[in-house]
Structure formats: C-alpha cells, structure tokens
Amino acid sequence: AAAAAAVEHEDHNEKHEEPQQREQRTAPASCWLLQFEHLEYAFAFFAPCVFFFSEKETHDEAYAQAEAEAEAEATEKPTQRSVAAEVAAEVAEVEAEAVGAVEKKEKFDARAFRRSLNKTGRYVRKPTHDKDSKDLMDEHGVGYSSTGIVALMRDNGYTHQIGDVTIKLAESYGFCWGVERAVQMAYEARRAYPGKQLHITNEIIHNPSVNKRLEQMGVKFIEDRGENLGKDFSEVEEGDVCILPAFGASVHEMKILNDKRVQIVDTTCPYVSKVWNSVETHTRREHTSIIHGKWAHEETIATASFAGTYVIVKNMPEASYVADYILNGGDKQEFLEKFKNAISEDFDPDTMLDNVGIANQTTMLKGETMEIGKLLEKTMLTKYGPAELANHFVLMDTICDATQTRQDAMYHLVGQQGTDEAVDMILVVGGYNSSNTCHLQEIAEEYKIPSFWLDTAARVGPGNETEWMNAHLEMQKAENWLPEGKITIGVTSGASTPDKVVEDILDKVFELKVDGYQPL
C-alpha cells in the first residue's frame, strides 16, 4: 500500500500502433527493478517506476487520445468572457510578466507562455480535415499511396514480384500520423488564408519533395543565418501566417512571432508536445533534464527551450560520462567543454546533477534511450539509495511510437537473414537530414547487409549506378549496384517519407531489371 501510494502519475502514455500495422499488439509491462541484483531495492523502486501498457484500441482512438492529452497540457480553453478586451488584457499580463522575467534574468515561464497563445485568437494547433486539401495532397503525392506499388504491397502481404525482382516491404514504414497531420495542416493553411503570405520556421518535415511542394505553393522558408545569428524573421510582418513544423519550434521563436502579431499554425506533433510536458515537469520539480538527442536537431533545440537546466547526450558514451560525473565528480572545465553546445546557460555540473529527469528526441533509437534511462536510474540509486530515489530521479515514457514501430519492423526484416526470407540488399528511403531514417540505415549496416539510403529517385542512374548515403552521413557512389539475376530487396522508409518517393525509386529499380517495365 505504501509503495502504491508513492507512485506519481505524472504521465500515462500508452503505446499505439501505426496506421500501417494490420494487427494490434499488446506489449508486456516493463519494470527496470528486475535488472537489479538486490531484491531489497524492489520496494523503494516502485515509487519512481512508470509502467507502460499497450491497449487494444483502434488507431483513430489512440491518436485522438494523444492529441487530446497534448492539447490539455499545452493550451487552456479560452475563458467565457463577454468583453474581448478582458481576454486581451489577460494575454498582455502574461506577456508582460514574461518580458519582466527576461529583463530580470529570471527563468522565463515557457509553460505559461505556451498556454497563453491559445487565448490570442491568432493560434491554431488542430487540423480541420478539409477534403480539398487532402485531395491536393494526394494529387501532389505527399501522403499515403492508394494505387501505386506500395499500396499493392500493403494489400498483398508486403511483397511484390516482377521478373527476377522480389520486393519485401517492412510492415511499418513511411509517413507517420504526426507527419501526415503536419503536412495536412500546412496544406489547409494555404487554403484557409488566401492572399496571405505564409512562412514556415523550418522544413515542415525532413523530406525534400514535400518541402519543395510547399515552396511551390508560395510558402516562404525563414532563413537560418547560422549558429550565432539565428533565424531571420525580418520579412515576417503583422497579419502574415507562420507555420511551425512537425518537430516544433523553440519558445523563443514562438515569442517573436507572437510579438509580431502573426497568425500561428502550430503543426507540432502531439508526441513531441508530450516530451515538452515532460521537461516542464522536470523544471517544476527542480530536476535537470538529461535529453537523449542531437543538440543541433530542431526538435531537441525546441525541447531544450522548454526545459529549465539541461544536458543533451547523443549516445551511451556521453551518458556514461555524465553518470560517472554524478557518482565521482571530475574536471568541471572538461565537462563544460565537452558539452559546450549541449547544456543550458550557466550550467554547473557540480550543483545541477543532484536531481535529474530523462527525456528524449522522439526519433532516437528506442533501445539506446532505454539503456540511458536504466544507466542514470541505477546511478541515482547508487548515489542516494532506494529510499531517496524518487526525490532525485524522474522518468516518463517519451519514446515516439512511430519511431519504435519502424525500428521494430526493420529489425524483423534484417532478422530473416540465414532463412528463406532473407534479403540480398536493403533500400532505406528518406531525407538525408532525417534522424529516424538514419537510424534505420544504422540497423541495416549493423547486420552487414548491403544497404542504400536514397532520398529521391534522382539518386538512381544514369544506368546501373547510384549515389547514396551511409549511416555516418557520408555520400557514396556505386556502379553495377543491382546485380544480374534474381534478387530480393528489402525496403523501408523514414517517418517523413511519402509513399510516392518510395514508388518512384522502385520504378527505377524495375526499369533497370525488367525489360519493358511499365509503372503502375
């Protein structure tokens, strides 16, 4: 009873299946206390542990719940007031407090500011499900395929064979719900604000073909002038419309747009918003956020802006360095130099690592995020003991389901090596700045399978040669990359990749291998 009373339900994030999944899965509850050798830790361990369950429910219900949870945390419903001036006064009061906090070099309340946006009348964060916009997406090939090779494979056991070529499609691949939602909202914004100048703070998603389409529709991409200069918002004027991309924008950028009295269309994926909620919880508890991510990635930049104090760790070696510092101390200047781009302002590792919480960039490898969480959990347990662990460590489930299911499907695909279901090579399709696509390539390389990461069909040719990228972000060239005779090719794509991009690449493959091939 005491253990149950100690459990704090800060967040209950069920795992949900993606639209491509044909079957619902039920994952077993996981508890890291089973990893420990001493069972006397078990009682105290129930306090900080969070249990995660996957429930059998339709994906529509799942995503509706995710969006509702993010909406409840990120915004407040406008209060029912008869005089619009009262609402404006309330917003002005919140903004004045925020400005005052900055001038006094006090901590800016990002949570309060984000909630205040919903009361301005210039902030939209939900799709309208406009049919004409959806039809235009289909026409432009920036959604799910309904008639091409990918659609055919999806309806026929994820395989397709023509002549000597057999394609095996990963059972979870391509556009995730959050990405499709973001693109749909961008298309809806173009129709909803005719005659208005539209801007976007970054690429809507990490896919060149989709971003090119938006540019052709008159959306201006705000220029990033470099690390020290930041983005140039000088062309954004009052009354313009500005889109925030799927992976979010920093609270600083939101503040600039709000000050300019811009109509904001916030397409941030609700799963990313849940990470922001997590780091905001760390801040309220006066914990430092340890964020598993890449410090230069747009999503991590946004997440860090909502944190109080933070350290960003890219991988297990960096996490191990932090864990060792927590337990044994170390060279403070060396720490600050090592993480100079990945720590909050005025960070002091000697005083700011007593209480920590874990969060992650949603596109990082699930297994590595879990290992980092286990490491830091055990670190704090060793330093403070089981009775005090709950006061020094916070863990919430912030792993994106889309990332997880695509990685799981990729592991299943490569795990068939040595069997009749083995593949001869793998095509990984997605933007070269897409973190989740890079991790899919990493998995193929881990299993020593010839793998080609392609962002567009233009990488194939002329003739039987290709230009591709490896997991180390190095461009490669290969001649005669498609061997003669029978071949089985595994295919997957990142969460920002429309089916049409995959289909265009597969058409190129079939044209090279099958005489007289005609695209569907």
Side-chain angles (χ1 to χ4, degrees), residues 70 73-75 94-95 98-99 101-102 105-118 120 122-125 178 182 199-206 220-236 240-260 262-283 288-289 291-312 339-347 359-363 398 433 435:
E73 284 292 333
T75 65
V94 171
E95 294 178 349
V99 172
V102 172
K105 293 189 180 294
E106 295 175 359
K107 186 60 185 175
F108 176 75
D109 191 341
R111 180 186 178 91
F113 172 72
R114 185 156 61 110
R115 290 188 169 197
S116 74
L117 289 176
N118 198 52
T120 64
R122 294 177 278 106
Y123 180 70
V124 174
R125 68 180 311 271
H199 307 267
I200 188 165
T201 60
N202 213 310
E203 296 181 340
I204 184 72
I205 59 174
H206 286 154
K220 289 186 177 181
F221 288 74
I222 293 173
E223 179 187 0
D224 190 339
R225 296 170 295 183
E227 181 179 342
N228 297 322
L229 296 176
K231 295 178 182 176
D232 182 5
F233 288 89
S234 60
E235 292 190 8
V236 181
D240 285 353
V241 179
C242 193
I243 301 168
L244 309 185
F247 37 76
S250 72
V251 69
H252 171 69
E253 292 174 1
M254 294 184 190
K255 181 71 168 60
I256 290 174
L257 296 173
N258 188 55
D259 290 347
K260 285 177 170 284
V262 169
Q263 172 67 49
I264 298 174
V265 178
D266 185 356
T267 78
T268 304
C269 174
Y271 282 107
V272 173
S273 297
K274 287 176 75 66
V275 180
W276 297 353
N277 297 337
S278 177
V279 297
E280 287 169 345
T281 296
H282 301 164
T283 300
T288 289
S289 297
I291 304 169
H292 177 212
K294 302 173 182 178
W295 63 264
H297 191 281
E298 299 92 331
E299 181 189 325
T300 297
I301 291 171
T303 295
S305 76
F306 287 99
T309 56
Y310 64 83
V311 180
I312 301 167
F339 294 101
K340 62 182 178 180
N341 295 313
I343 50 178
S344 50
E345 186 178 2
D346 299 324
F347 188 83
N360 68 293
Q361 181 182 313
T362 57
T363 56
T398 55
N433 57 348
S435 178

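Throughout, numbering of the chain's residues begins at 1 and tracks the sequence.
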So, do [X] and [Y] sit near enough that their side-chain heavy atoms are less than 4.5 Å apart?
X	Y	result
I204	I243	yes
V241	V262	no
I291	V311	no
E235	K220	yes
V275	E280	no
C242	I200	no
I256	K260	yes
N202	K231	yes

Give the ring-plane orientation class for W276 versus F306, where under 30° counts as parallel, over 60° as perpendicular and anything between as tilted.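 Judged by the thresholds at 30° and 60°, the geometry between W276 and F306 is parallel.
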Nearest 0.5 Å, what's the [atom1]-[atom2] distance between [X] and [Y]?
X	Y	atom1	atom2	answer
S250	K255	OG	NZ	12.0 Å
N360	S278	CG	OG	8.5 Å
F339	F347	CZ	CZ	9.0 Å
L117	R122	CG	CZ	8.5 Å
I222	H199	CD1	NE2	6.5 Å
R114	D266	CZ	CG	8.5 Å

Heavy-atom pair of closest approach, residues [X] and [Y]:
X	Y	value
S273	T268	OG-CG2, 3.8 Å
A182	A246	CB-CB, 3.5 Å
G293	I312	O-CG2, 3.5 Å
S289	A307	OG-CB, 4.0 Å
G230	D224	O-OD1, 3.7 Å
K294	S435	NZ-OG, 3.4 Å

Would you please say whether a donor-acceptor pair under 3.5 Å links the side chains of T303 and Q361?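 Note: T303 and Q361 side chains miss the donor-acceptor criterion.
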Do you see a donor-acceptor pair shorter than 3.5 Å between the side chains of T309 and T288?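 Yes, T288 and T309 have a side-chain donor paired with an acceptor closer than 3.5 Å.
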Got a donor-acceptor contact below 3.5 angstrom from the S305 side chain to the V251 backbone?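 Checked: pair present.
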Test item: T283 side-chain N/O and V279 main-chain N/O as donor-acceptor pair under 3.5 Å: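 Present.
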Pair H206 and F247, ring centroids less than 6.0 Å apart: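 Distance test on ring centres: under 6.0 Å, yes.
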Kindly indicate, with the supporting measurements, whether the criterion side chain to side chain contact (heavy atoms under 4.5 Å, CB included) is fulfilled by I264 and T120. CA-CA 10 Å; I264 298 174; T120 64; over 6 Å; no
So K274 and T362, side chain to side chain contact (heavy atoms under 4.5 Å, CB included) or not? Walk me through it. CA-CA 10 Å; K274 287 176 75 66; T362 57; over 6 Å; no
The criterion is side-chain hydrogen bond (donor to acceptor under 3.5 Å, both in side chains); which residues satisfy it with T267, sequence neighbours excluded?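 For T267, no residue satisfies side-chain hydrogen bond (donor to acceptor under 3.5 Å, both in side chains) once neighbours in sequence are set aside.
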Show your working on side-chain hydrogen bond (donor to acceptor under 3.5 Å, both in side chains) between E299 and T363 and close with a plain yes or no. CA-CA 9 Å; E299 181 189 325; T363 56; 4.7 Å; no
